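Take a look at the structure set out below.
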Amino acid sequence: MSMNIVSLVRALLLGLALMLANTSPGGGQAQRTLYERLGGYNGISAVVDDFADRLFADPKIGKYFVGMGTDTREMFKQKNKNLVCNVTGGPCKVISRPAKTVHAGLGITDAEFDIVVGHLSEVLDKYKVPAAEHKELMAIIATLRKDIVER
């Protein structure tokens with residue numbers, strides 16, 4: 001049962017990375033990669049660590065991580081850091097499957113999806129992700145709902 005939330009988190013982070021990869025700086029400035037604009041690996045790590053810790057501690061979502069020991073939780077974070085790093089132009093390597101494939105048959109609910117999205121939104125606010133990027137990310141995450149939620 002914990003795999004459905006793990007898969008949901010991966011899909012949300014992929015959505016974040018894809019949204020941010022489609023932004024570009026204005027004013028004819030030399031374009032930096034999204035990875036660089038997010039503060040590189042350290043910036044991405046801070047967001048993913050905070051986001052994952054919120055999921056682990058959540059009274060409704062946290063139950064899906066109960067069987068994960070400290071090492072497994074760290075691996076969960078690392079895999080998600082690598083995913084965001086990779087899709088934002090950083091040096092990390094990740095292999096991902098489409099959200100629909102990953103979540104097929106897991107029975108993820110709208111309520112579970114909303115809780116995870118809420119935590120992501122809070123973390124983006126905490127790290128002062130600009131409003132335009134935050135709004136775009138939430139719009140991308142909303143498009144994932146049809147591929148993730150089954151009941």
Side-chain angles (χ1 to χ4, degrees), residues 2-58 61-62 64-65 68-104 106 108 110 112-150:
S2 68
M3 289 307 296
N4 62 350
I5 297 303
V6 171
S7 298
L8 173 61
V9 171
R10 285 186 180 146
L12 290 173
L13 289 173
L14 177 60
L16 165 66
L18 290 173
M19 182 283 304
L20 293 174
N22 288 323
T23 63
S24 62
Q29 301 169 350
Q31 187 170 351
R32 297 184 311 149
T33 67
L34 178 58
Y35 174 79
E36 293 167 326
R37 289 180 280 141
L38 290 173
Y41 189 81
N42 290 339
I44 290 167
S45 286
V47 169
V48 172
D49 282 344
D50 194 333
F51 176 60
D53 286 341
R54 288 171 188 241
L55 297 180
F56 300 153
D58 183 272
I61 298 299
Y64 296 109
F65 298 99
M68 296 174 96
T70 302
D71 185 60
T72 304
R73 288 180 181 207
E74 290 303 315
M75 288 291 291
F76 170 82
K77 290 177 182 181
Q78 187 62 56
K79 289 176 183 179
N80 284 287
K81 290 173 189 178
N82 284 5
L83 174 65
V84 175
C85 169
N86 178 267
V87 299
T88 59
C92 306
K93 305 249 184 247
V94 176
I95 298 172
S96 298
R97 296 177 293 153
K100 190 168 192 81
T101 302
V102 171
H103 298 91
L106 296 176
I108 294 171
D110 275 315
E112 291 170 327
F113 187 91
D114 290 341
I115 291 168
V116 173
V117 167
H119 285 301
L120 179 59
S121 181
E122 291 169 1
V123 172
L124 294 173
D125 285 343
K126 176 180 176 180
Y127 288 93
K128 301 185 185 339
V129 172
E133 284 80 6
H134 189 138
K135 182 178 178 182
E136 288 179 53
L137 172 61
M138 290 303 134
I140 289 170
I141 297 303
T143 68
L144 294 173
R145 184 180 297 267
K146 69 182 178 2
D147 292 333
I148 294 172
V149 173
E150 293 183 323

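Every value quoted in this text rests on a predicted model; they were computed, and no experiment measured them. The analysis underlying the following values was restricted to heavy atoms, covering all of them including side chains, and did not include hydrogens, waters or symmetry mates.
Here salt bridge (Lys or Arg N to Asp or Glu O under 4.0 Å) pairs that include residues 39-48, with residues two or more places apart or in two chains, number zero.
Between Arg73 and Phe65, the shortest heavy-atom contact is NH2-O, 3.0 Å.
With rounding to the nearest 0.5 Å, the separation of CD1 in Ile148 from CG in Asp110 is 11.0 Å. Rounded to the nearest 0.5 Å, atoms NZ (Lys146) and CZ (Phe113) are 10.0 Å apart.
A 4.5 Å side-chain heavy-atom check between Lys93 and Asn82 finds every atom pair outside the cut-off. Side-chain contact between Pro91 and Tyr41 is absent, with no heavy atoms from C-beta onward closer than 4.5 Å. Annotation: side chain of Val48 is not in contact with side chain of Lys79 (no heavy-atom distance under 4.5 Å). Between Asp53 and Phe56, some side-chain heavy-atom pair lies under the 4.5 Å cut-off.
Asp50 is linked by a side chain to side chain contact (heavy atoms under 4.5 Å, CB included) to Arg54, Val123, Lys126, Tyr127, counting only residues two or more places apart in sequence or in another chain. Applying the salt bridge (Lys or Arg N to Asp or Glu O under 4.0 Å) test to Glu74 and every residue at least two apart in sequence or in another chain returns Lys77. Asp49 pairs by the side chain to side chain donor-acceptor pair (under 3.5 Å) definition with Lys81, not counting sequence neighbours.
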